[in-house]
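Reviewing the structure listed below.
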Protein chains: 2
Amino acid sequence: MVKGPTVYDVAELAGVSIATVSFTFRQPHRVRQSTREAVLAAAQALNYLPSGNARGLARGRTGALGIYSFDFYFLDDPASAGGAGTRAAAPAGSDPNADYRVFPLYVDEVQRGVALECWRRGYTLMVGGGNRTTGRTAIADIAGQVDGLAVFPRTVPVEVLSLISRRIPVVELSEPSHDDSLHHVTVDNAAGMHALTTHLITAHGLRDLQFAAPRDPWSDFQLRFRGFQAALAEAGLPVPERPVTEGDGAPQSAEALAAALLAGGRLPDGIVCAHDEYALPLIDALLRRGVDVPGRVAVTGFDGIVAGRLQRPQLTTVRQPMEQMGRTAAAILIDGFEDRTLPPQSRQLPVEVVLRESCGCPPA
Amino acid sequence: MVKGPTVYDVAELAGVSIATVSFTFRQPHRVRQSTREAVLAAAQALNYLPSGNARGLARGRTGALGIYSFDFYFLDDPASAGGAGTRAAAPAGSDPNADYRVFPLYVDEVQRGVALECWRRGYTLMVGGGNRTTGRTAIADIAGQVDGLAVFPRTVPVEVLSLISRRIPVVELSEPSHDDSLHHVTVDNAAGMHALTTHLITAHGLRDLQFAAPRDPWSDFQLRFRGFQAALAEAGLPVPERPVTEGDGAPQSAEALAAALLAGGRLPDGIVCAHDEYALPLIDALLRRGVDVPGRVAVTGFDGIVAGRLQRPQLTTVRQPMEQMGRTAAAILIDGFEDRTLPPQSRQLPVEVVLRESCGCPPA
DNA sequence: TTGAAAGCGCTAACAC
DNA sequence: GTGTTAGCGCTTTCAA
């Protein structure tokens with residue numbers, strides 16, 4: 001609990017120099033067995049525990065990777081504060097069967113991949129993040145303590161990222177949007193959405209499709225939208241020029257979108273959502289308004305989060321290899337740190353269409 | 001990517017001392033506005049990013065908590081290497097609907113709680129762990145870099161824990177088993193299992209109940225067993241003296257247990273498992289052998305992991321407030337670090353019986 | 001309000 | 001094989 005013993009204490013007790021103490025732990029073979037034992041005994045007796053900070057400082061590396069998962073998207077969406085997007089604590093006494101909407105999300109599965117790869121290579125993972133309700137940690141605090149940093153898009157201001165990337169490798173888990181000097185890990189968004197859209201058209205005969213996305217979509221969502229458009233064009237169907245969203249001024253929420261779609265009086269045959277977290281509450285909102293899903297309108301997602309399987313009807317989606325993405329990101333960071341000369345990498349992983357009930361397919 | 005600028009560089013460019021640079025960032029009000037601006041400008045120009053290690057070393061604190069989630073239980077269980085317990089990578093190309101067995105588990109939900117509380121209080125979380133397949137990180141490496149450490153039971157040798165606890169607060173997420181000097185966060189295991197067992201007896205009329213647990217159960221499991229026994233005793237039913245397990249010599253696995261139960265020819269009415277991760281593969285194994293669950297035999301778990309809801313039949317269990325446990329652990333660590341005089345805390349949280357299909361209740 | 005200087009605990013040359 | 005001795009980059013008295 002208090003100030004612990006240091007190399008000096010151990011050295012003194014063992015009757016050797018501090019260098020020998022250090023060697024004993026880092027390069028045991030370079031130390032004579034008898035002295036090694038003496039040092040170990042002294043360390044044992046004193047409850048010696050080396051300071052990670054001091055080691056990191058002296059060695060110029062920390063043996064840790066960092067990940068920052070603050071979710072700006074939902075942060076910007078006060079209207080969803082009680083919905084799926086909120087990364088806050090589940091309200092006490094809430095339905096123990098309903099909290100799967102909050103965890104695990106996309107970021108959590110990716111993070112797990114990062115952690116696994118870290119451990120495999122002997123690194124630890126430092127995670128920072130938060131949101132409006134939980135509070136947050138500063139990225140600077142974590143950037144200063146790790147050998148590499150993984151971030152989700154729209155999580156940290158670009159200037160800050162490029163600042164950090166001048167010191168340690170940084171990988172962003174998204175399509176490279178602007179010409180940054182960061183590494184990137186992403187998936188084939190366009191192809192995935194194209195395949196899914198084509199399925200809706202050919203297997204379910206849908207003709208009137210819309211793409212639903214948050215009002216301010218980022219690059220990955222844009223690519224998904226392009227894939228959607230391309231599939232419609234190829235099928236000779238009308239191609240929406242832009243995604244449907246919650247209407248200006250209206251609060252950004254599934255409720256608002258559902259209401260808008262119904263008020264317009266022109267509900268499409270299918271609503272292709274930019275991602276699962278957008279589709280799930282939308283399905284709820286439609287159902288609540290008496291709209292049959294998928295009977296009247298099919299709704300699909302993108303990501304493949306666990307909640308989609310617990311949803312009724314089960315969510316048809318495009319699954320990202322989240323764990324693999326995390327692993328890849330970690331691998332890039334570690335390699336990038338150990339060989340400072342590597343140029344920015346950009347890796348794209350494949351996706352997989354997962355057919356479940358919400359598009360009209362039979363239950364699995 | 002390379003060695004970044006330091007306080008010295010910034011100080012030189014701004015024409016001040018390093019102390020002033022430090023003050024500018026940590027106690028801005030103590031610095032005259034004009035000099036503050038000069039320092040900030042210099043820092044900006046140089047892409048200055050403070051070193052977390054150096055700060056930690058100088059201040060004697062790191063602003064990070066640690067959690068170690070290496071899972072010894074499954075580690076010791078080679079037979080489950082392809083099963084639910086393995087915390088390895090999901091095999092490539094595997095059924096995208098089947099990996100929920102691997103993530104999120106109990107430890108992941110607790111960890112999330114720890115992370116949330118860390119962020120709320122301005123801390124970061126360093127996670128270490130691993131298993132036989134993924135490799136692992138040494139706890140010493142993480143202990144040396146954090147202000148407090150949370151560990152799951154049987155994850156780290158006790159000697160190591162008490163060594164670490166002499167320097168920083170340590171909370172173990174289990175019943176205090178031996179007289180250690182650690183903090184503890186746990187749940188009312190006995191009451192939970194008692195309530196569940198009573199439900200099986202009174203609501204479903206089961207009379208012949210067995211308790212299934214891994215061969216080497218730890219203290220929490222023992223308490224659950226006691227709760228189970230107490231409920232039987234109160235109902236005037238036969239009370240097993242010990243849990244059923246996989247039989248000596250046999251590989252520890254659900255398959256082995258199922259085979260043993262059937263071979264014995266005396267399948268009970270209900271099998272109360274020590275935790276969900278034990279119940280899930282057991283249900284699979286029974287079903288595979290043509291045994292109807294819950295028709296012929298009811299099977300229940302403990303924990304309330306997500307996989308239990310995706311299981312068919314859905315798993316009846318006792319839910320632990322995992323997020324809350326994590327939050328509590330983090331709070332104890334932070335308080336314990338900030339006030340080194342606090343004695344070891346031991347907090348017990350309530351649990352909740354969750355009735356689903358596997359005990360014979362109707363689907364939710 | 002700012003500067004000088006002494007650490008924080010460890011690593012890694014470089015000598016012996 | 002072991003000791004000496006610089007740092008690593010920042011915080012923090014204590015003086016000025």
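Not measured: the values here are computed from a predicted model. Letters A, B, ... mirror the listed sequences (proteins, then strands); counts begin at 1.
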**Report entry** Set of salt bridge (Lys or Arg N to Asp or Glu O under 4.0 Å) partners for A/Asp9, sequence neighbours left out
**Finding:** none
Query raised in the report: Roughly how far, to the nearest 0.5 Å, is the CZ atom of B/Arg36 from the OG1 atom of B/Thr20?
Result: 12.5 Å
Requested in this report: For atom CD of A/Gln44, decide whether the heavy atoms of other residues, nucleotides or ligands shown that lie under 6.0 angstrom number more than 12.
Outcome: no
Query raised in the report: If you count the non-hydrogen atoms of other residues, nucleotides and ligands that lie under 6.0 Å from CD in A/Glu12, is the total more than 12?
Result: no
Report summary line: Contact string for nucleotides 8-16 of chain D, one letter per nucleotide 5' to 3', B = base within protein heavy-atom range under 4.0 Å, S = sugar-phosphate only, - = neither, reads BBBBBB---
Report task. Would you kindly give the CG-to-P distance between A/Leu46 and C/dC10, to the nearest whole Å? Result -> 12 Å
Query - Distance in angstrom units between B/Glu12 CD and C/dG3 P, rounded - result: 13 Å
Report task. Check whether any side-chain N or O of A/Asp147 sits under 3.5 Å from a backbone N or O of A/Gly63 as a donor-acceptor pair, and report yes or no. Result -> yes
